[in-house]
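One structure is given below, encoded as structure tokens.
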Amino acid sequence: MVYAERWNDRKADSVYSNLWLASSDGRERRQLTDGAWRDWAPRWSSGSEAIAYVSNRTGSAQIRVRRMATGQESQLSSLTEPPIALAWSPDGNAIAFTAVRPSQTTAPWAPEAIVRFLKGREAHPQLFLIPVSGGNARQITVGDLNWLGEPAWMPDGRTILCAAAADLGPEHPLEGSEIFSVRPSDGVMKQLTQHEGPDELPMPSPDGTRIAWASADARAQSYTVRHLYVMNSDGSRITPLTGAFDRDVARPQWSSDSRTLYFLAEDSGAAHVYAARLNGTVIQVTKGQERLRDFSLADNGQAAAIRSSSTEGGDVISFAADLPGGVTTLAAPDEHLLAERHIGAVEEIHFDSSGHSIQGWLVKPPGFDASRKYPLLLDIQDNPRAMYGYEFQLRAQIFAAAGYVVLLANPRGSPGYGEEFGDLLKSRYPGDDADDLLRGVDYWISKGYADGQRLAVSGGLIAAWIIGHTDRFSAAVLRDPVADWLTDIATRPDGLRRAVSWMGALPWDDPDQYVKHSPVYFAGNFKTPTLVLGNSAESDELDFALRTRKVDSALVRLPIGGGPGVDVLELESELAWLGRK
């Protein structure tokens with residue numbers, strides 16, 4: 001198998017990635033590309049004679065092909081915008097890919113040099129085709145549809161499947177995608193699904209008779225589970241396969257006999273491979289306290305994935321999808337790094353909040369002693385559609401090494417616990433989820449090794465909400481606390497009721513509620529010593545509000561652009577603020 005391995009260059013303050021090849025039995029591993037650039041998205045040709053991937057080694061992201069027999073490399077594309085996703089044709093002669101093609105803004109009054117900076121210059125991802133033998137890329141879709149996700153060729157090579165969504169303009173987000181087939185010879189399109197919710201991830205069966213895809217229903221709620229469906233290749237006879245399976249489907253893959261669909265799903269802090277039969281039965285394939293990602297399946301039934309656990313940073317593994325149990329580790333890039341360090345123990349916890357069972361983890365300092373008193377850091381990820389789990393928590397381990405017990409929890413609204421739990425944020429976001437997190441703090445204090453005078457909280461909007469409603473914390477760090485979606489929607493009353501934010505359906509109909517849930521609005525209640533981390537105007541406003549209230553506070557403007565150095569700066573700023581006397 002081929003995979004991309006990332007590495008940091010401290011001197012250049014950059015992250016690079018190169019391609020590696022590992023044998024299926026884990027006995028051989030060798031580097032395919034080597035250099036201070038980024039290689040990513042490797043894809044095998046159908047006969048495994050070549051690998052296509054994206055690389056920025058020439059200064060811009062381009063599609064490259066490596067012939068495995070000779071090691072010969074060639075750059076196929078000369079694109080002005082980076083490719084997003086790519087797929088080999090079945091005969092290996094062409095590669096389909098998606099890339100942004102900006103629509104031109106017409107402004108007769110504006111000099112050419114500033115036209116591209118004008119607001120309203122919308123970018124639409126389109127579908128392209130490029131011959132492997134050489135030549136220019138050819139755009140095969142036109143119009144205002146946004147072509148999303150990875151394209152997939154039908155086995156006969158005559159059509160390409162891809163999801164696409166209509167763009168209703170800057171006042172409205174994408175309303176929902178549908179599955180289309182596109183004939184590359186002339187660009188003729190056929191819409192295969194007619195569904196109000198998003199339809200995505202199309203995957204044709206190897207025999208070409210069926211198409212599987214993932215879909216979520218359009219309901220007036222904040223969260224809906226994404227299910228797996230299958231239809232005939234012409235779009236007829238749509239059948240749900242995972243209707244009773246109350247978890248989100250990701251990365252569907254067909255078995256070589258076209259009888260089984262394998263997919264990834266998150267469940268209560270874990271992420272595993274499941275198998276769905278065409279009769280609607282679903283079984284779990286992999287087990288254990290781990291999270292899998294980037295799952296793929298070969299024609300011989302051998303599967304590969306990236307596995308992370310509380311002690312593994314991200315190992316490449318392989319296993320037989322139809323005979324679960326035997327797992328081979330193909331590569332463990334972080335093994336030596338972790339072996340040289342003391343890793344804090346991780347304890348899974350469950351506690352009650354308003355009648356709901358909340359799952360969380362306590363990451364403890366190395367050499368933890370229950371007879372001592374430890375400070376607590378409540379660390380919050382501000383995306384309500386992300387789930388803490390059994391993966392290696394580098395950030396939490398860094399704070400644990402500094403002497404903190406770190407509390408990570410999945411409050412109401414988190415995925416991985418079913419549609420009902422994910423839809424519990426109906427009217428108070430933030431609010432209900434913050435209550436859950438505070439109950440987690442109470443649970444930790446009840447364990448007896450808590451230093452109740454040294455409670456700290458770090459996060460974004462939810463953390464700001466917490467310190468705006470309680471002064472029980474001795475220190476706080478607010479990381480970009482004014483969410484972009486909140487500011488954006490608060491200033492767009494026209495599209496408010498139709499808008500769908502990244503967290504799902506909006507919990508409020510009244511635009512004033514968005515303003516009232518802004519950190520600046522309730523900054524008048526702040527008393528907690530607070531460090532603000534960010535580089536936005538909203539962060540400056542919050543810092544000004546804190547200073548006006550004469551709250552002990554500071555603002556660190558993080559450099560724009562990111563990179564390892566910025567990550568280190570953020571962590572060092574937090575540690576220094578929380579550790580000050």
Side-chain angles (χ1 to χ4, degrees), residues 2-6 14-20 32-33 35-46 49-67 72-104 116 121-154 157 159-165 167 174 177 179-185 187 189 200-203 251 294 296:
V2 63
Y3 64 95
E5 184 174 307
R6 291 185 301 174
S14 297
V15 178
Y16 302 121
S17 58
N18 297 133
L19 301 186
W20 288 73
L32 293 181
T33 64
W37 56 69
R38 291 185 60 228
D39 303 321
W40 70 96
R43 297 292 184 269
W44 287 102
S45 63
S46 58
E49 298 94 355
I51 296 171
Y53 64 100
V54 183
S55 177
N56 68 353
R57 68 182 65 186
T58 59
S60 62
Q62 303 296 337
I63 299 172
R64 297 181 66 87
V65 168
R66 181 186 180 93
R67 299 290 177 182
Q72 180 183 1
E73 290 253 356
S74 60
Q75 179 176 308
L76 292 189
S77 64
S78 298
L79 305 172
T80 57
E81 299 291 339
I84 301 171
L86 55 127
W88 283 89
S89 63
D91 60 11
N93 292 329
I95 293 174
F97 66 94
T98 54
V100 169
R101 174 58 60 90
S103 59
Q104 298 299 318
R116 64 191 181 96
R121 182 182 170 88
E122 301 300 322
H124 299 287
Q126 298 290 345
L127 193 59
F128 296 80
L129 193 71
I130 191 166
V132 176
S133 59
N136 295 326
R138 176 170 58 88
Q139 183 175 338
I140 58 176
T141 59
V142 294
D144 292 338
L145 284 178
N146 293 275
W147 294 85
L148 310 169
E150 189 168 316
W153 290 78
M154 290 297 290
T159 54
I160 301 170
L161 305 176
C162 198
D167 190 343
L174 299 179
S177 54
I179 306 300
F180 289 80
S181 68
V182 182
R183 202 161 59 201
S185 59
M189 301 186 305
E200 53 190 338
L201 306 176
M203 180 62 63
R251 296 187 72 89
D294 297 335
S296 62

Please report the interatomic distance [atom1]([X]) to [atom2]([Y]), rounded to the nearest 0.5 Å.
{"X": "Leu145", "Y": "Leu127", "atom1": "CG", "atom2": "CG", "answer": "11.5 Å"}
{"X": "Ser78", "Y": "Ile130", "atom1": "OG", "atom2": "CD1", "answer": "7.5 Å"}
{"X": "Trp147", "Y": "Ser177", "atom1": "CH2", "atom2": "OG", "answer": "11.0 Å"}
{"X": "Glu73", "Y": "Ile51", "atom1": "CD", "atom2": "CD1", "answer": "9.0 Å"}
{"X": "Asp39", "Y": "Asn56", "atom1": "CG", "atom2": "CG", "answer": "7.5 Å"}
{"X": "Ile160", "Y": "Arg183", "atom1": "CD1", "atom2": "CZ", "answer": "12.0 Å"}

- Message: Taking atom CG as the centre, does Asp294 end up with more than 12 heavy-atom neighbours from other residues, nucleotides or ligands that are less than 6.0 angstrom away?
- Response: yes

- In this structure, are over 12 heavy atoms from other groups packed under 6.0 Å from Arg6 atom CZ? no

Specify the closest pair of heavy atoms between [X] and [Y], including all atoms of both residues, with the distance to one decimal.
{"X": "Pro151", "Y": "Ala96", "answer": "CG-O, 3.9 Å"}
{"X": "Ala52", "Y": "Leu86", "answer": "CB-CD1, 3.8 Å"}
{"X": "Ser45", "Y": "Trp88", "answer": "N-NE1, 3.5 Å"}
{"X": "Gly149", "Y": "Cys162", "answer": "O-SG, 4.3 Å"}
{"X": "Pro82", "Y": "Ala99", "answer": "O-CB, 3.8 Å"}
{"X": "Phe97", "Y": "Ala137", "answer": "CZ-CB, 3.8 Å"}

Could you tell me whether a side-chain N or O of [X] sits under 3.5 Å from a main-chain N or O of [Y], the two making a donor and an acceptor?
{"X": "Gln75", "Y": "Thr58", "value": "no"}
{"X": "Asn146", "Y": "His124", "value": "no"}
{"X": "Arg66", "Y": "Leu32", "value": "yes"}
{"X": "Thr33", "Y": "Leu19", "value": "yes"}
{"X": "Ser89", "Y": "Ala94", "value": "yes"}
{"X": "Trp153", "Y": "Ala87", "value": "yes"}

- For Tyr53, ring pair (Phe, Tyr, Trp, His ring centres under 6.0 Å) partners two or more places apart: none

- Is Glu150 salt-bridged to Arg43, cutoff N-O under 4.0 Å? yes

- Query: Do Arg101 and Glu81 meet the salt-bridge criterion of a basic N to acidic O distance under 4.0 Å?
  - Reply: no

- Before giving the answer on side chain to side chain contact (heavy atoms under 4.5 Å, CB included), spell out for Arg57 and Arg64 the whole-Å C-alpha distance, their side-chain angles and the decisive distance to 0.1 Å. CA-CA 10 Å; Arg57 68 182 65 186; Arg64 297 181 66 87; 3.7 Å; yes

- Report yes or no: do Trp20 and Asn18 form a side-chain donor-acceptor pair below 3.5 Å? no

- Query: Going by atom types alone, do Ser77 and Gln62 pair a side-chain donor with an acceptor below 3.5 Å?
  - Reply: yes

- Set of residues satisfying salt bridge (charged side-chain N to carboxylate O under 4.0 Å, His left out) with respect to Glu5, sequence neighbours excluded: Arg29

- Task: Applying salt bridge (charged side-chain N to carboxylate O under 4.0 Å, His left out), name anything that partners Arg251, two or more places apart in sequence or on another chain.
- Result: none

- Item | Option passing side chain to side chain contact (heavy atoms under 4.5 Å, CB included) with Val132 (candidates Ile63, Ile95, Asn93, Asp91) | Ile95

- Item | side chain to side chain contact (heavy atoms under 4.5 Å, CB included) partner of Thr98, the single match among Ile84, Leu148, Thr141 | Ile84

- Task: Apply the test side chain to side chain contact (heavy atoms under 4.5 Å, CB included) to residues Leu79 and Phe128: give CA-CA distance (whole Å), side-chain angles for both, the deciding distance (0.1 Å), then the verdict.
- Result: CA-CA 11 Å; Leu79 305 172; Phe128 296 80; 5.9 Å; no

- Task: Give the intermediate values and the outcome of side chain to side chain contact (heavy atoms under 4.5 Å, CB included) for residues Leu161 and Phe180.
- Result: CA-CA 6 Å; Leu161 305 176; Phe180 289 80; over 6 Å; no

